[in-house]
Amino acid sequence: MVNKAVILRVEKTLSLVPEGYVISYGYLADLSGLPGRARMMGKCLQEIEVDCNWHRVLRADGKIAFPVGSARADEQRIRLVSEGVNVKNGRVNMKKFAWSPDLHTILFELKY
DNA sequence: CACGTGACATACC
DNA sequence: GGGTATGCCACGT
């Protein structure tokens with residue numbers, strides 16, 4: 001189990017990620033006021049509402065975190081492609097599609 | 001208390 | 001590009 005406060009923070013951050021963009025686990029943690037806790041993001045995503053933007057979360061190198069060919073990986077790829085994010089060999093070009101707002105601005109707005 | 005593990009990241013070779 | 005090492009934090013053994 002993950003703290004409910006943490007879950008809420010991550011849900012809030014995910015709600016800010018625009019359609020057509022993606023974000024890494026590490027930066028998601030940073031924006032949620034939890035620097036260095038990338039590994040915790042995965043735990044959170046297993047407990048978060050299915051309606052969140054979980055499919056926009058990728059590894060820092062742009063790869064989908066699930067094993068290639070798995071049902072989850074396929075669903076994530078389909079969702080990303082359907083909103084305009086190119087997925088080639090289970091990987092996304094982070095230079096093009098990564099959502100990278102100013103960290104401090106977000107932290108200030110969310111009061112973390 | 002010491003490890004091992006995990007939807008991870010970074011640095012270095 | 002791949003492979004190893006280390007840092008990170010929560011949990012289970």
Side-chain angles (χ1 to χ4, degrees):
Chain A
M1 284 292 281
V2 180
N3 294 329
K4 185 175 182 181
V6 172
I7 297 289
L8 292 176
R9 282 189 178 200
V10 176
E11 285 182 337
K12 178 67 178 173
T13 306
L14 281 179
S15 72
L16 301 178
V17 183
E19 181 177 328
Y21 287 86
V22 296
I23 187 174
S24 70
Y25 287 89
Y27 201 47
L28 172 61
D30 290 346
L31 293 175
S32 302
L34 302 163
R37 262 154 277 192
R39 306 196 74 137
M40 188 186 287
M41 298 300 95
K43 302 282 188 197
C44 290
L45 294 183
Q46 297 181 45
E47 303 178 27
I48 285 181
E49 305 300 321
V50 281
D51 270 344
C52 75
N53 297 322
W54 65 270
H55 62 283
R56 295 180 188 152
V57 185
L58 302 172
R59 289 194 183 183
D61 62 4
K63 282 198 289 188
I64 286 177
F66 298 104
V68 289
S70 65
R72 289 301 254 183
D74 285 342
E75 183 183 354
Q76 187 166 16
R77 175 179 50 74
I78 291 170
R79 284 190 174 203
L80 289 172
V81 172
S82 73
E83 60 183 49
V85 178
N86 287 62
V87 182
K88 183 168 49 176
N89 297 97
R91 193 184 327 154
V92 170
N93 183 334
M94 295 301 268
K95 304 289 278 186
K96 285 188 177 179
F97 299 104
W99 182 57
S100 44
D102 180 69
L103 174 62
H104 297 300
T105 299
I106 297 295
L107 292 181
F108 176 77
E109 289 180 358
L110 296 180
K111 301 182 172 60
Y112 292 152

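Labels below follow one simple rule: chain letters A, B, ... track the order of the sequence lines, proteins then strands, and each chain is numbered from 1. This structure is a prediction, so every number in the text was calculated from the model and none was measured.
In this entry the distance linking CE of A:Met40 with P of B:dA9 reads 14 Å, nearest Å. If you measure from atom CE of A:Met94 to atom C1' of B:dA9, you get 12 Å, rounded to the nearest angstrom. Following rounding to the nearest Å, A:Lys43 (NZ) and C:dC11 (P) show an atom-to-atom distance of 9 Å. B:dA7 atom C1' lies 14 Å from atom CD1 of A:Ile23, rounded to whole Å. The interatomic distance linking A:Glu47 (CD) with B:dA7 (P) rounds to 13 Å, in whole Å. When rounded to the nearest whole Å, the span between CE of A:Met41 and P of B:dA7 equals 14 Å. Between A:Ile7 atom CD1 and B:dA7 atom C1' the separation is 13 Å, expressed in whole Å. When rounded to the nearest whole Å, the span between CG of A:Asp30 and P of B:dA9 equals 10 Å.
Residue A:Met1 is classed as a sugar-phosphate contact, given heavy-atom separations below 4.0 Å to backbone atoms only.
Comparing B:dA7, B:dA9, C:dC9 by their nearest atom to the side chain of A:Ser24 picks out B:dA9. Comparing atom distances between the A:Arg59 side chain and each of C:dC9, B:dA9, B:dA7 picks out B:dA9 as nearest.
Screening A:Arg72, A:Gln76, A:Glu83 against A:His55 for a side-chain hydrogen bond (donor to acceptor under 3.5 Å, both in side chains) leaves a single residue, A:Glu83. When each of A:Asn93, A:Val85, A:Asn53 is tested with A:Val22 by the rule side chain to side chain contact (heavy atoms under 4.5 Å, CB included), just one qualifies, namely A:Val85.
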Reading nucleotides 2-8 of chain C 5' to 3', which nucleotides get B (base under 4.0 Å from a protein heavy atom), which S (sugar-phosphate only), which -?
-> -----BB
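Counting only distance, with no hydrogens or angles, the side chain of A:Ser70 and the backbone of A:Phe66 share no donor-acceptor pair below 3.5 Å.
Nucleotides C:dT6 and B:dA7 have their P atoms positioned 23 Å apart, rounded to a whole Å.
For the pair A:Arg56 and A:Tyr21, the cation-pi test (distance below 6.0 Å, angle within 45°) is failed.
Contacts of A:Asp102 classified as side chain to side chain donor-acceptor pair (under 3.5 Å), with partners at least two apart in sequence or in another chain: A:Thr105.
Contact of the A:Val10 side chain with the A:Met41 side chain is registered, since non-hydrogen atoms from C-beta on lie closer than 4.5 Å.
The residues A:Arg79 and A:Glu75 are annotated as salt-bridged, a charged nitrogen and a carboxylate oxygen being separated by less than 4.0 angstrom.
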